[in-house]
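Here's the structure we're looking at; comments come further down.
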Amino acid sequence: MRRPWVAGNWKMNGSQAQAQTLLGELSELRELSEIDVCLVPPAPYWLQINDAVKGSSLRVLAQTVSEYDSGAYTGELSSAMLKDCGVSGALVGHSERRQFYAENDYVVAAKFKALRQAGLSPVLCVGETLAEREAGETLSVVSRQLLAVLESQGPEALANAVLAYEPVWAIGTGLTASPIQAQAVHASLRAVVAAFDADCAAALRIVYGGSVKASNAQGLFAMPDIDGALVGGASLQATEFLAICRAAQQAL
Ligand code: PEP
């Protein structure tokens with residue numbers, strides 16, 4: 001049985017005041033003890049949020065991380081810095097990073113490795129564009145993105161990681177992959193890992209992201225290979241995010 005996992009990616013949104021309000025509204029999350037819930041705020045709010053969630057099972061993740069350890073990389077934040085601030089891990093390969101910051105599979109794999117070396121948990125995001133889906137390339141694209149890590153770091157690298165399937169056409173668009181569409185991709189991703197190591201594949205949490213909201217979460221979580229959600233926009237609304245987390249807990 002895989003423990004459900006839900007994370008709220010605030011993207012480049014928020015302020016100290018908004019973080020404080022949202023944390024107050026999300027206090028019920030402390031009682032959802034059977035799922036892992038992570039908040040993924042912008043870096044300036046890590047310490048504030050970590051302080052507020054101390055003593056609970058809530059975790060803070062970063063939205064990205066540098067592939068380098070230290071040095072002349074202006075603007076970047078290393079895995080060691082994340083760890084120093086009490087951050088548990090980071091997203092790598094989010095489609096917005098791939099699209100707007102030209103992060104390719106090689107860079108994403110290097111970031112994944114940097115996190116592991118610091119003892120942090122990577123959340124590897126994979127997903128196809130609409131053009132790739134329409135060209136029938138979904139499985140080859142997501143497999144390639146996953147294999148960039150698997151082939152260079154081995155299946156054991158996935159031990160503390162989460163894999164997030166996020167179709168690019170569903171992120172922030174209001175369009176969601178249907179539970180059946182998402183399940184098909186999740187099962188294929190698990191099969192890619194199983195070809196390397198069946199136990200690792202069975203234990204790996206594969207979560208869905210792309211316009212998840214309270215109204216569609218339950219249907220997605222009912223699928224056998226969907227182990228939770230990476231939530232963007234809806235994570236900024238406490239009632240929506242709470243309902244998604246409750247749906248994950250009920251799907252146990
Ligand atoms: C995301 O940012 O990873 C995401 C899935 O966003 P949204 O839920 O807004 O589509």
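Reckoned from all heavy atoms, side chains included, excluding hydrogens, waters and symmetry mates. In listed order, ligands and their atoms are each counted from 1. Predicted model, so just to flag it, every value in this text is computed and none were measured.
For atom 8 (O) of ligand 1, the nearest non-hydrogen atom of the protein is Gly232 N, 2.8 Å. Residue, atom and distance of the protein heavy atom nearest to atom 3 (O) of ligand 1 are Glu166 OE2, 2.7 Å.
A salt bridge links Arg144 with Asp105; the closest basic N to acidic carboxylate O contact falls under 4.0 Å.
Under 4.0 Å from ligand 1, heavy atoms of Ile171 appear from its side chain as well as its backbone.
Distances below 4.0 Å separate heavy atoms of Gly233 from the following atoms of ligand 1: 7 (P), 8 (O), 9 (O). Taking a cut-off of under 4.0 Å to the non-hydrogen atoms of Ser211, the atoms of ligand 1 that pass are 7 (P), 8 (O), 10 (O). Near His94, meaning under 4.0 Å from any of its heavy atoms, are these atoms of ligand 1: 1 (C), 2 (O), 3 (O).
Considering both main-chain and side-chain atoms, Gly172 comes within under 3.5 Å of ligand 1 through a nitrogen or oxygen pair. Between Thr173 and ligand 1, no N or O atom pair is found at a separation short of 3.5 Å. Between Gly210 and ligand 1, no N or O atom pair is found at a separation short of 3.5 Å.
Look at Lys213 and you'll find every heavy atom at least 4.0 Å from all atoms of ligand 1. Distances from ligand 1 to the non-hydrogen atoms of Ala170 include at least one value under 4.0 Å.
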